[in-house]
Amino acid sequence: MPRQLPPLTTLPAFDAAARHLSFTKAADELNVTHGAVSRAVRNLEERLGVRLFERGTRSVQLTAEGAAYAAEIGAALDRIGIATLAASASRTEGVLNVSTSDG
């Protein structure tokens, strides 16, 4: 059975917005526009069929569902980061770097 995954490109935007409680700060972190973060989160909410944020005039707050999802997604992204570091570290095994100086 195939995995039931949301659009994976939406997850970093959701994670950053959830950590900062700000679409603007999330956009700054990801080097994208506020609108790009907003669209990614809205796309994710539509895909899940649940509101992840309560939007205010100049603020956002996680809903209960959003907070629970953020905890899981944040942990999953942390694990992906660790796996990525481990995989890239294995590329350098067996490499010897030598430097010398004229003394």
Side-chain angles (χ1 to χ4, degrees):
M1 182 163 110
R3 291 185 175 124
Q4 297 297 311
L5 298 175
L8 297 180
T9 55
T10 64
L11 299 180
F14 168 71
D15 176 64
R19 284 185 288 104
H20 293 293
L21 293 178
S22 167
F23 288 6
T24 300
K25 288 180 182 176
D28 290 344
E29 177 181 319
L30 299 171
N31 295 313
V32 298
T33 65
H34 175 280
V37 171
S38 181
R39 282 188 300 278
V41 170
R42 181 151 289 135
N43 182 359
L44 184 58
E45 288 175 325
E46 288 173 2
R47 178 67 177 253
L48 297 174
V50 65
R51 292 188 71 179
L52 300 170
F53 289 95
E54 291 294 333
R55 291 159 176 83
T57 304
R58 293 191 144 253
S59 66
V60 293
Q61 293 295 320
L62 287 164
T63 62
E65 294 87 354
Y69 196 61
E72 293 293 332
I73 294 304
L77 291 175
D78 287 344
R79 287 191 304 274
I80 291 168
I82 291 166
T84 301
L85 284 174
S88 61
S90 68
R91 283 192 333 203
T92 60
E93 286 183 18
V95 174
L96 174 63
N97 292 315
V98 178
S99 64
T100 63
S101 64
D102 292 334

_Could you check whether any side-chain heavy atom of Thr63 comes within less than 4.5 Å of a side-chain heavy atom of Phe53, counting everything from C-beta outward?_
no
*Look up atom CD1 in Ile80 and atom CG in Leu8, then write down how far apart they are to the nearest 0.5 Å.*
7.5 Å
*Rounded distance (nearest 0.5 Å) linking atom CZ of Arg39 with atom CD of Glu46*: 12.5 Å
_Residues in ring pair (Phe, Tyr, Trp, His ring centres under 6.0 Å) contact with Tyr69, at least two apart in sequence or another chain_ = Phe14
Give me the atom names and distance for the closest heavy-atom approach of [X] to [Y].
| X | Y | value |
| --- | --- | --- |
| Leu30 | Pro12 | CD1-O, 3.8 Å |
| Val37 | Ala17 | CG1-CB, 4.3 Å |
| Leu77 | Leu11 | CD1-O, 4.1 Å |

*Qualifying salt bridge (charged side-chain N to carboxylate O under 4.0 Å, His left out) pairs with a residue from residues 59-82, counting only residues at least two apart or across chains*: none
*asked:* Quick test of your reading: applying side chain to side chain donor-acceptor pair (under 3.5 Å), list the pairs with at least one residue in residues 14-26, sequence neighbours left out, ordered by first then second residue.
replied: Asp15-Arg19, Arg19-Glu29, His20-Glu29
_Partners passing salt bridge (Lys or Arg N to Asp or Glu O under 4.0 Å) against Arg55 (at least two apart in sequence or in another chain)_ = Glu45
*Which residues satisfy the side chain to side chain contact (heavy atoms under 4.5 Å, CB included) test with Ser59, sequence neighbours excluded?*
none
*Listed partners of Ile82 passing side chain to side chain contact (heavy atoms under 4.5 Å, CB included), at least two apart*: none
